[in-house]
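Okay, so here's the structure we're looking at.
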Amino acid sequence: MNKDLTIAQQDYAHFLPALSGFYATYVGKQRYPDPVDGPYVPDTRMPNNFANGMESLNYLNAKEGAFTYKWTLYSAGHAELDTTKHSPKEDMVRNRDRENTWLLGDSGGFQIGKGVWEGEWKDPNSKFVKDKMADCVARGTEIRTVETSNKDGKVTTKSITVDLVKEYQSRLDMAQKKRDAVLRWMDAYADYGMILDIPAWVSRSPAGALATGISEYQDAVEATKYNNEYWMKHRTGACKFLNVLQGENFDDAEDWYEQMKDYCDPVKYPDNHFNGWSMGGQNMCDVELVLKRIVTCHYDGLLQSGIHDVMHFLGTSKLEWATLLTDVQRAVRKHYNPTFMVTFDCASPFLATANGQVYTSVETPEKGKWTYRMVPSVDELKYATDTRTFKDATTQDGIFKTFEDSPVTDGLLVNDICTYAVGDVNKIGTIKVLKGGVDLDKEGNPLLDADGNTTVRGRDSTSWDSFSYAIQMGHNVWTHINAVQEANRQYDDGNTPKMLLGSKFDQQSIRDMINEVFAQPTKELSLSKIIDYRAYWMQVPGTRGAIGKKTISAKPKFNELFDEVDPEVDDTELDETKLEELQDEQL
C-alpha cells in the first residue's frame with residue numbers, strides 16, 4: 001500500500017479531506033499531557049501498530065504519520081477562532097509544517113446558512129438596517145411575555161422589558177465579531193481561504209433566514225459583498241483568498257458572478273484583490289456551468305498565472321468527478337494557466353465513521369459505477385478479548401466480504417476498535433451489556449437491586465470508545481485519498497466509468513471534449529463548443545443531484561441510468577457536536 005500519498009498525487013485534481021475537529025483533537029491534545037491525568041489517550045490504549053503513537057494519525061506529519069498527504073481543508077465553522085488563545089485541540093492545524101503542507105480554510109458560510117452563527121448579517125449600511133434601527137429608536141422598548149420552567153417541569157410566565165436598540169445592535173455586533181474573527185483566523189493559519197459568503201440557499205433554510213435576517217437571494221448577494229469589502233480592507237496578505245461563487249440555477253449563478261467578479265480583478269484592486277475561485281451552489285455540480293465559468297474567467301482576465309491559481313469545488317465526493325476535474329485542471333494548464341490547481345473537498349471519511357461505517361474497498365469496474373464501498377463497522381462486545389487483526393476478524397467472521405487494509409489498520413487488532421467487554425463501565429458510568437440483555441457485573445452475573453430485581457442503570461451495547469472512531473477515521477481518510485488517486489490512475493489507463501460514457505458521443509471522450517472547449521481561439525467559439533456538447537454534459541450527474549430550480553441541469557433521475565451500490569455519504573458538513581459528546585463521555 002502507498003504510504004506517501006503526496007508523491008502519488010502526480011498531476012491529478014487535489015482532493016482535500018475536510019478535517020474533522022474531533023479527529024484533530026486527538027493529535028493536538030496528545031501533545032500536551034495533563035500533569036495529573038497523563039496523556040489524553042493512555043499509553044495502554046494506544047494500538048501497537050501505531051509506531052509513533054498518536055502522531056501516526058497525523059497525515060500532515062511527513063515524518064511520523066502512518067501515511068502522509070500534504071493537502072487538507074479545515075473549517076472556521078468548527079475552529080477556535082480566538083488566535084490569542086492556546087488551543088491544544090487544534091495543534092494539528094496551528095502548528096503544522098507550513099513549508100510542506102497546504103491548508104484551505106473554509107469560512108463558515110455553511111454555519112450562517114444553517115442559522116448556527118446568529119446575527120444581523122445584512123449589510124450594516126443598507127437601507128433595511130438603517131430603517132430597522134430607526135424603528136427601534138422610535139419604539140424604544142417593548143414588553144414581552146416569556147415562559148420559564150423549573151427543574152420539576154412547571155412552566156411559569158413573566159413579562160420583561162426589552163431595549164430594542166440594544167437588542168438589534170447586539171445582533172449587528174454578533175455578525176461583525178464573527179466576520180472579523182474568521183478573517184484573523186484564516187490570516188493566521190491558512191494558506192488559502194474562502195471569503196465569508198452568505199449562501200444563496202439561506203432563504204430556503206427557515207432556521208438560517210430567522211437567525212441571520214437573510215430572506216432573499218439579493219440579501220445574500222449584498223451581505224456577501226459587504227464581507228468581501230471588509231476582508232479586502234482588513235486582510236494582512238498572509239492568506240490568499242478565494243472568491244466564492246453561489247447561485248442555485250444558471251441565471252442566479254451568472255448574476256452572482258457578474259456582481260462578484262470585480263473582487264478578483266487586479267486592475268481594479270491591484271493591492272488586495274482575491275486570488276482565485278471557490279465553486280458553490282450550481283457552479284460546483286454542473287459540467288456545462290463549470291466550463292462556461294472557466295472560459296468567462298479567462299477572457300475576463302481573472303484566471304491569470306500567479307494571480308488566480310486555485311479553483312475549489314465544495315463538497316465533491318464522487319470518484320467520477322475526481323477524474324473529470326483532473327481533465328479540467330490539465331486542460332486549463334495547457335491552454336490558459338500553467339500554474340492552475342483544482343481542489344475539491346468532502347467530509348465523507350469522517351461522516352462515515354460518525355455514522356458507524358468504515359471503508360472496506362474501492363471499486364472501479366470498466367464501464368460501471370465507481371465507488372469507495374462503506375459498510376457498518378464491527379461493534380460487538382465479544383471482540384474485546386479477540387487478538388486477531390481487524391482485517392482477519394472481520395473477514396473470517398463474515399462481517400465484511402472483503403477489507404483492504406490501510407497504513408492505519410495494517411497490524412491493527414480488532415480489540416483496538418472493540419475495546420469494551422460485557423460489564424465494563426465507561427467514563428460516565430455506563431455499563432456495557434449485550435443487546436437486549438440485563439446489566440451484568442465483571443463476572444457476567446446479573447446486577448440486582450436491594451429488592452432482588454435486575455438493575456436499570458445507564459447502559460449500552462457499543463464496544464467502541466471515542467478513540468475507536470478516530471482510528472477508523474484515519475483509515476477512511478487514507479482509503480478515500482487513495483480511491484481518488486486510483487480512480488485517476490485507472491482513468492489514465494483507459495478505464496472509463498459508466499457516468500462518463502455518453503451514448504451520444506461514442507467516438508469522443510469527455511477528456512477530449514473538455515480540452516477542445518479550452519483550445520478554441522476565442523471566447524465565442526469556446527462558449528459555442530460548450531453548447532455543441534450540451535447533450536453530453538446533461539448525461540453527467542451532478543455531485544449532489546438536483547439543487548434548486550435549475551434551468552439546465554444533469555438529469556434528475558440518474559438512478560434510472562446508473563446502477564446503485566451502497567449510497568455514498570451526503571456531502572454535508574460534519575456535525576461536530578455529536579462527536580464532541582463522544583469525546584466527553586466515552587474515552
Side-chain angles (χ1 to χ4, degrees), residues 5-6 9 12-24 59-60 69-79 92-93 96 101-111 113-114 182 186 189-197 199 239-246 276-281 283-285 290 309-326 328-329 340-354 359 372 374 473-474 476-485 487-488 542-544 547 568-576:
L5 297 175
T6 299
Q9 175 62 24
Y12 310 141
H14 301 70
F15 167 63
L16 309 182
L19 176 62
S20 162
F22 172 89
Y23 187 84
Y59 56 87
L60 298 179
Y69 186 69
K70 69 178 287 185
W71 299 276
T72 200
L73 175 144
Y74 195 68
S75 176
H78 308 304
M92 180 177 172
V93 170
R96 62 192 170 89
T101 58
W102 191 92
L103 176 72
L104 174 63
D106 192 354
S107 63
F110 184 86
Q111 277 66 32
K114 290 296 183 181
V182 172
M186 286 195 180
Y189 304 119
D191 297 292
Y192 274 77
M194 290 175 246
I195 59 93
L196 186 52
D197 64 305
C239 177
K240 295 182 178 180
F241 288 110
L242 304 182
N243 195 342
V244 179
L245 299 179
Q246 292 285 354
W277 304 93
S278 180
M279 309 292 267
N283 299 277
M284 71 182 180
C285 63
V290 168
D309 285 338
V310 175
M311 179 172 283
H312 182 72
F313 290 79
L314 288 155
T316 301
S317 67
K318 292 183 182 296
L319 293 181
E320 297 89 345
W321 267 79
T323 63
L324 187 152
L325 292 176
T326 293
V328 170
Q329 176 176 277
F340 183 70
M341 180 170 75
V342 169
T343 61
F344 60 101
D345 78 277
C346 74
S348 296
F350 304 99
L351 277 166
T353 319
Y359 287 33
Y372 33 84
M374 57 182 74
M473 284 180 176
N476 286 351
V477 170
W478 180 89
T479 304
H480 196 116
I481 300 169
N482 182 65
V484 168
Q485 295 179 344
N488 276 286
T543 57
R544 293 193 183 183
I547 299 180
E568 295 173 0
V569 174
D570 289 339
D571 302 308
T572 55
E573 288 207 0
L574 179 60
D575 181 1
E576 296 285 347

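- Closest of all the heavy-atom pairs between Met279 and Met284 is O-CB, 3.1 Å.
- Under the 3.5 Å distance criterion, with hydrogens and angles disregarded, no donor-acceptor pair is assigned to the side chains of His14 and Thr343.
- Contacts of Ala483 classified as side chain to side chain contact (heavy atoms under 4.5 Å, CB included), with partners at least two apart in sequence or in another chain: Leu319, Val362, Tyr372.
- Here the side chains of Leu16 and His312 are in contact, with some heavy-atom distance below 4.5 Å.
- Nearest approach of Ser107 to Asp197, heavy atoms of both residues: OG-OD1, 3.7 Å.
- Side chains of Tyr59 and Thr72: a donor-acceptor N/O pair is present below 3.5 angstrom, by distance only.
- Classification of the Phe15-His480 ring pair by plane angle, with boundaries at 30° and 60°, yields parallel.
- The residues Asp191 and Arg96 are annotated as salt-bridged, a charged nitrogen and a carboxylate oxygen being separated by less than 4.0 angstrom.
- Residues Leu73 and Met194 have side chains in contact (heavy-atom distance under 4.5 Å, counting atoms from C-beta outward).
- The closest side-chain heavy-atom distance from Tyr69 to Val477 is not below 4.5 Å.
- Trp71 has its side chain out of reach of Ile481: every pair of non-hydrogen atoms, C-beta onward, lies at least 4.5 Å apart.
- Checked against side chain to side chain donor-acceptor pair (under 3.5 Å), Asn283 has no partners two or more places apart in sequence or in another chain.
- Distance alone, capped at 3.5 Å, places no donor-acceptor pair between the Thr316 side chain and the Phe344 backbone.
- Residue Lys70 qualifies as enclosed at atom NZ: its count of foreign heavy atoms under 6.0 Å is above 12.
- Here the side chains of Tyr74 and Tyr189 are not in contact, with every heavy-atom distance at 4.5 Å or above.
- Side-chain N or O atoms of Gln9 include one that pairs as donor or acceptor with a backbone N or O of Tyr12 at under 3.5 Å.
- Residues Tyr23 and Phe350 meet the side-chain proximity criterion, which asks for heavy atoms closer than 4.5 Å.
- For the pair Phe22/Met473, a side-chain contact is recorded, criterion being any heavy-atom separation below 4.5 Å from C-beta on.
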Evaluate the criterion side-chain contact (heavy atoms from CB on, under 4.5 Å) for residue pair Met186 and Phe241; output intermediate values, then yes/no.
CA-CA 9 Å; Met186 286 195 180; Phe241 288 110; 3.7 Å; yes
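- Put simply, the side chain of Asn476 gets close to the backbone of Pro349: a donor and an acceptor are under 3.5 Å apart.
- Of the possible donor and acceptor atoms, one in the side chain of Gln329 sits under 3.5 Å from a partner among the backbone N and O of Val342.
- Residues Val93 and Leu103 are in side-chain contact: their nearest non-hydrogen atoms beyond the backbone lie under 4.5 Å apart.
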Notebook entry, point to check: Would Leu104 and Asp345 count as a side-chain contact (heavy atoms from CB on, under 4.5 Å) if you check the C-alpha gap in whole Å, the side-chain angles of each, and the deciding distance to 0.1 Å?
Noted result: CA-CA 10 Å; Leu104 174 63; Asp345 78 277; over 6 Å; no
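- In terms of heavy atoms, Gly105 sits closest to Ala190 at N-CB, 4.0 Å.
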Test side-chain contact (heavy atoms from CB on, under 4.5 Å) applied to Leu60 and Trp102, step by step: CA-CA 9 Å; Leu60 298 179; Trp102 191 92; over 6 Å; no
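- Pairing each heavy atom of Ala76 with each of Val182, the nearest pair is CB-CG1, 4.0 Å.
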*asked:* ring-ring contact (aromatic ring centres under 6.0 Å, His included) for Phe313 and Trp321? Distances and angles first, verdict last.
replied: CA-CA 10 Å; Phe313 290 79; Trp321 267 79; 7.0 Å; no
